[in-house]
Number of protein chains: 2
Amino acid sequence: MNIACLDFEGVLVPEIWIGLAERTGIEQLRVTTREMPDYHQLMRRRLGILAQHGIKFRDLQAAAEGLEPLPGAREFLDWLRARFQVAIVSDTYYELAGPLIAKLGHPMLLCHRLRVDGAGNIADYVLRQEDPKRHTVRAFKSLRYRVLATGDSYNDIPMLEEADSACLFRPPEKVVQDYPAFPVARSYEELKAAFLAANEAA
Amino acid sequence: MNIACLDFEGVLVPEIWIGLAERTGIEQLRVTTREMPDYHQLMRRRLGILAQHGIKFRDLQAAAEGLEPLPGAREFLDWLRARFQVAIVSDTYYELAGPLIAKLGHPMLLCHRLRVDGAGNIADYVLRQEDPKRHTVRAFKSLRYRVLATGDSYNDIPMLEEADSACLFRPPEKVVQDYPAFPVARSYEELKAAFLAANEAA
């Protein structure tokens, strides 16, 4: 039996902060790790923007409720869960991802937390641990599973490197250029084929 | 965020081998770890009985298709998955548990495998690792999660000991006597209360 470790945003759901930008009308929230690779710098910027616009945690939650999984994501995930054990390994936050995870049938999600203060403001973000995606693959390997992994961006590379089998899913061209060794899937059908091939190779 | 590690048989579903005994009509298959604590001895006995009766893997699979989760188990699990990340940690086999896991909405299942030979006989069983339940709790703790655990029998004790918070669920009286330090839940409502209390204590 294999464990499939999937990135979340860009693989099963849209970029959550871009959705929040559209729903709150704050265009500055559109910046993601693709434009600003330093995650801590990006998150401090996001929290500053929220504070500046007086956006409360409940406003973000309401915006998150309006988000939908990518077309075909639920069907792909159902197919995958019938054949593999699945963990979604993400740098998102439980407090924002909850509605999307419910719409996907509550797969296991391993990610981070937001800290909300008594006034309902997002006071801080709490990363579960440094290098979380690599550690997650190692944990499942310690349980004697083979780990197959997919993701679309730079923060997924440690997970893909640590996995027994890995591919990129709909990555930006720059990621493909920087990491040409990883095969690329551009549709859920191609991703299914990649997972089945990795399974049979075991 | 916490991870809830649940035993499978006795917590969410009936004892699978007892169900197989009823559906195949082979009463000797009723013996479980409660009567025969040495797991390897028990599995060798089971495989011997299957061979003796000419029971093929596909017969066992057909019997497994007829099994149903315990009353209220699906509702309890849905409640739990909306509040915790859930892993089912079991000494069962993927090949037998599949239909029950599908009926429960495909939660993550960490268990073992059967090896089927070319003639369709169950040739052997393959444990994922020794002391699998304890290792599973350790793996999630290595990801900086608090782990809450529940189970009903002796093979769950390492998991309950390793967890940050643990209780027994509908255990045999002998298990309660041997491990009086663990609180006991006797219904899903009591189990919900135990998980919520452990969560708030964090």
Side-chain angles (χ1 to χ4, degrees), chain A residues 1-6 74 77-90 92-115 126-147 159 199 202, chain B residues 1-6 74 77-90 92-115 126-147 159 199 202:
Chain A
M1 177 59 66
N2 296 326
I3 303 258
C5 287
L6 305 184
R74 176 66 196 254
L77 191 60
D78 287 347
W79 178 92
L80 196 67
R81 292 165 87 185
R83 289 160 181 81
F84 301 85
Q85 301 307 309
V86 175
I88 295 175
V89 187
S90 171
T92 190
Y93 299 90
Y94 284 112
E95 293 80 1
L96 301 180
L100 283 165
I101 281 291
K103 289 170 188 175
L104 289 168
H106 283 292
M108 173 178 279
L109 172 66
L110 305 174
C111 65
H112 309 301
R113 301 219 68 162
L114 294 175
R115 188 173 288 147
V126 186
L127 298 194
R128 205 179 70 235
Q129 64 190 165
E130 289 298 321
D131 206 2
K133 298 204 182 205
R134 186 187 301 277
H135 279 107
T136 301
V137 175
R138 281 189 188 153
F140 286 121
K141 285 166 91 172
S142 81
L143 301 178
R144 306 289 184 269
Y145 283 95
R146 281 185 80 240
V147 177
M159 173 168 80
N199 202 31
Chain B
M1 177 60 65
N2 295 326
I3 302 259
C5 287
L6 305 183
R74 176 67 196 253
L77 189 60
D78 287 347
W79 178 92
L80 196 67
R81 292 165 88 185
R83 290 160 180 79
F84 301 86
Q85 301 307 309
V86 175
I88 296 176
V89 186
S90 171
T92 189
Y93 299 91
Y94 284 112
E95 294 79 2
L96 301 179
L100 283 165
I101 282 290
K103 289 169 188 176
L104 289 168
H106 284 292
M108 174 178 278
L109 171 66
L110 305 174
C111 66
H112 310 301
R113 303 217 66 163
L114 294 174
R115 189 174 286 148
V126 186
L127 298 193
R128 204 178 71 237
Q129 63 190 165
E130 289 299 321
D131 206 3
K133 298 203 183 205
R134 185 187 302 276
H135 279 108
T136 302
V137 175
R138 282 188 187 154
F140 286 121
K141 286 165 88 172
S142 81
L143 301 179
R144 305 290 184 269
Y145 283 95
R146 282 185 78 240
V147 177
M159 173 168 80
N199 202 30

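Chain A is the first sequence line, chain B the second, and so forth, proteins listed ahead of strands; every chain is numbered from 1.
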Interchain contact, B:F84 with chain A, by part (heavy-atom threshold 4.5 Å): neither

Holding to side-chain hydrogen bond (donor to acceptor under 3.5 Å, both in side chains), I want the full list of residues that pass it with A:R113, two or more places apart in sequence or in another chain. A:E95

What closest approach, in Å, do A:R81 and A:V86 show between heavy atoms, and which atom pair accounts for it? CG-CG2, 3.7 Å

Drop me the distance from B:I101's CD1 to B:M108's CE, to the nearest 0.5 angstrom. 11.0 Å

Within the 4.5 Å heavy-atom criterion, are B:L109 and A:Q85 side-chain neighbours or not? yes

Tell me the closest heavy-atom pair linking A:Y93 and A:L127, and the distance in Å. OH-CD2, 4.2 Å

Do any of residues 131-138 of chain B have a heavy atom less than 4.5 Å from a heavy atom of chain A, and if so, which, in residue order? B:H135, B:T136

Could you tell me which portion of A:F140 (side chain, backbone, both or neither) has an atom closer than 4.5 angstrom to a non-hydrogen atom of chain B? side chain

Is the CZ atom of B:R83 crowded by more than 12 outside heavy atoms at less than 6.0 Å? yes

Non-hydrogen atoms of chain A under 4.5 Å away: do they reach the side chain of B:I3, the backbone, both or neither? side chain

Please check: side-chain N/O of A:R115 versus main-chain N/O of A:V126, any donor-acceptor pairing under 3.5 Å? no

